[in-house]
Amino acid sequence: MASRSIIITGGAGFIGSHVVRLFVKKYPEYRIINLDKLTYAGNLDNLKDIQDCPNYRFVKGDICDYEMVRALMAEEHVDGIIHLAAETHVDRSIVDPFEFARTNVMGTLALLQAARQYWESLPERYEGKLFYHISTDEVYGALELDCPDGRDCGFSAHKVYGTEFFREENKYNPHSPYSAAKASSDHFVRAFHDTYGMPVVVTNCSNNYGPYQFPEKLIPLFIINIRHRKPLPVYGKGQNVRDWLYVEDHARAIDLIFHEGKVAETYNIGGFNEWKNIDLIKVLVSTVDRLLGRAEGEDMGLITYVTDRAGHDLRYAIDSRKLRDELGWHPSLQFEEGIEKTVRWYLDHQDWLDNVTSGEYQKYYDKMYNNR
Ligand code: NAD
Ligand code: TYD
């Protein structure tokens, strides 16, 4: 029998596929069950290289289906859940908030309840069990951009754009339907610890980038548009700041916290890497141009300022010193190196892009951007 049996939800999505790959390869003695509904954002092509590994099983299913999850947990003697399944795109949450409440709130609650019922039915109950909930920094709300030209800061290699940072003890203050739904799910997870004694851990991570991200998010969308010389729709004035982390560094942090994190704790995960959107977009244009053999910066004219996103959070900046100091985690990649790798990956994987953008997404994209 496997030494651990772990359900990873949302394992066919962007971050989930990196986490599944890491766990399947690094822990052949574990059984890894990828539970994913395969929405527009989930794609089994993301996991082709590990799909035949003997310690891996894919289950197509909806986390909202309590009975199915409960039965799967018993069948597989599950002792760990790493929960990534969610609706994740802020723009979609503005269009359809119900789907976000359904998946992110009710889905998380169904998983929690199924885990509780199953683990409480065992003689050893919660011993050796863990419910690990993956959340976002967006639950903390927006920070001021009170140093618009950037400044040095003792704990960040990159310049920072404000005096405040998201810390684990900050109060939640979500603004978008996406972050409101994630915040609600975080509260349910902590409530299951406080009420039933379920061993849980929650992490709040900053914006991720890297291979296999669905091309509705800024970085992959813009790489493709630059390649095909389509307009780059910059929301507002492009002054919003995001803190970017390479996705494999997030996956490494999840591995570390799953094994060594303290139960009932929260850990922020971030790259100490703040960028104004417009500066990041200029780096993308230069990098894509260079890698395609065009004159560097020749496509800057594609930058098109469009109507701002409703409720657009101005600045996200994570203080992840707790994770660094307590568990010794550091981002492994410099941003320049990560962006270069990422651009190369998208330019080399046109087949993957054609596959994931062939259906429903294209209709959504046309509707969104033709109206701007
Ligand atoms: P994604 O949108 O790429 O993937 C989500 C996955 O969840 C897809 O495979 C989808 O099929 C699956 N899914 C959706 N609804 C489901 C349901 N009802 N049942 C089962 N599976 C379902 O998302 P991502 O960017 O990889 O994000 C993963 C998690 O990490 C999310 O919880 C997100 O809130 C969190 N997060 C993301 C970022 C980021 O920058 N992408 C940053 C911090 C935290
Ligand atoms: P996104 O990748 O959607 O992540 P999030 O909203 O979760 O931070 O967007 C990153 C930033 O880029 C955000 O400030 C919104 C901005 N943005 C644009 O300016 N244009 C776009 O087409 C997209 C998708 C995002």
Side-chain angles (χ1 to χ4, degrees), residues 13-15 40-41 43 46 88-92 94 138 158 176 178 206-247 271 273-309 312-316 333-358 361-372:
F14 166 47
I15 303 171
Y40 78 95
N43 187 344
N46 299 0
T88 60
H89 189 39
V90 173
D91 294 327
R92 283 180 192 258
I94 295 168
E138 305 192 20
H158 196 65
S176 72
Y178 163 62
S206 61
N207 286 60
N208 284 215
Y209 71 98
Y212 301 112
Q213 185 167 34
F214 193 82
E216 62 187 349
K217 306 277 168 66
L218 179 76
I219 290 182
L221 176 68
F222 278 36
I223 294 172
I224 300 169
N225 283 12
I226 300 163
R227 174 181 215 157
H228 297 294
R229 297 212 154 109
K230 287 187 178 170
L232 306 175
V234 180
Y235 299 162
K237 297 195 169 109
Q239 295 302 301
N240 303 65
V241 171
R242 296 292 181 266
D243 186 352
W244 294 94
L245 178 66
Y246 192 66
V247 62
N273 183 40
E274 285 182 49
W275 283 80
K276 280 190 187 173
N277 289 344
I278 193 63
D279 296 338
L280 171 57
I281 289 160
K282 287 179 180 165
V283 171
L284 287 178
V285 175
S286 300
T287 310
V288 175
D289 281 347
R290 178 167 47 78
L291 292 179
L292 288 178
R294 300 175 184 167
E296 211 169 306
E298 124 179 31
D299 287 312
M300 291 295 176
L302 297 173
I303 292 175
T304 309
Y305 293 94
V306 298
T307 315
D308 207 354
R309 173 187 276 173
H312 196 175
D313 285 335
L314 190 53
R315 173 172 166 257
Y316 299 149
L333 275 189
Q334 292 296 319
F335 189 60
E336 289 68 15
E337 204 185 331
I339 279 292
E340 175 102 11
K341 263 177 95 152
T342 302
V343 171
R344 273 185 199 283
W345 190 87
Y346 286 98
L347 295 181
D348 289 347
H349 288 80
Q350 190 61 44
D351 51 339
W352 181 88
L353 286 165
D354 291 343
N355 189 9
V356 302
T357 53
S358 53
Y361 167 67
Q362 204 51 49
K363 282 185 246 150
Y364 167 83
Y365 183 80
D366 290 346
K367 201 169 115 205
M368 284 273 303
Y369 294 103
N370 289 342
N371 289 338
R372 283 178 185 279

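Computation of the quantities below employed the complete heavy-atom set of this structure, encompassing side-chain atoms and omitting hydrogens, waters and symmetry-equivalent molecules. Numbers here simply count residues along the sequence, with the first being 1.
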Quiz item: Any chance CD of Gln334 has more than 12 other-residue heavy atoms, nucleotides or ligands included, within less than 6.0 Å?
Solution: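 Open: at most 12 neighbouring heavy atoms sit under 6.0 Å from CD of Gln334.
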Taking side chain as C-beta onward, heavy atoms only, is [X] less than 4.5 Å from [Y]?
X	Y	answer
Leu302	Val285	no
Thr342	Gln213	no
Tyr212	Val356	no
Thr287	Arg290	yes
Ile339	Trp275	no
Leu218	Arg242	no
Tyr40	His89	yes
Val90	Arg92	no

Quiz item: Between Glu298 and Arg229, is the closest basic N to carboxylate O distance under 4.0 Å?
Solution: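 Judged by the 4.0 Å cut-off on N to carboxylate O distance, Arg229 and Glu298 do form a salt bridge.
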Quiz item: Between Arg344 and Glu340, is there a side-chain N and carboxylate O pair less than 4.0 Å apart?
Solution: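 Yes.
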Drop me the distance from [X]'s [atom1] to [Y]'s [atom2], to the nearest 0.5 angstrom.
X	Y	atom1	atom2	value
Leu291	Leu347	CG	CG	6.0 Å
Ile219	Trp244	CD1	CH2	4.0 Å
Asp299	Lys230	CG	NZ	14.0 Å
His312	Gln239	NE2	CD	11.0 Å
Phe214	Leu221	CZ	CG	10.0 Å
Asn277	Lys237	CG	NZ	14.0 Å

Looking at every non-hydrogen atom in both residues, tell me the closest pair between [X] and [Y] and how far apart they are.
X	Y	value
Gln350	Arg227	OE1-NH1, 3.2 Å
Gly271	Ser206	N-OG, 4.0 Å
Thr88	Tyr178	CA-CE1, 3.6 Å
Pro233	Pro231	CD-O, 3.4 Å
Gly238	Tyr305	N-CE2, 4.3 Å
Ile224	Pro215	CD1-CB, 3.4 Å

Would you check if the side chain of [X] reaches a backbone N or O of [Y] as a donor-acceptor pair within less than 3.5 Å?
X	Y	result
Arg309	Tyr235	no
Tyr346	Gly210	yes
Asn240	Asp313	yes
Asp289	Gly297	yes
Ser286	Leu284	no
Asn207	Asp243	no
Asn225	Ile223	no

Quiz item: Taking Tyr209 as the fixed residue, which of Phe335, Phe222, Trp345, Phe14 is the one that meets the ring-ring contact (aromatic ring centres under 6.0 Å, His included) rule?
Solution: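 Of the listed options, the one satisfying the test is Phe335.
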Exercise. Apply side-chain contact (heavy atoms from CB on, under 4.5 Å) to the pair Asn273 and Leu245, showing each step before the final yes or no.
Key: CA-CA 7 Å; Asn273 183 40; Leu245 178 66; over 6 Å; no
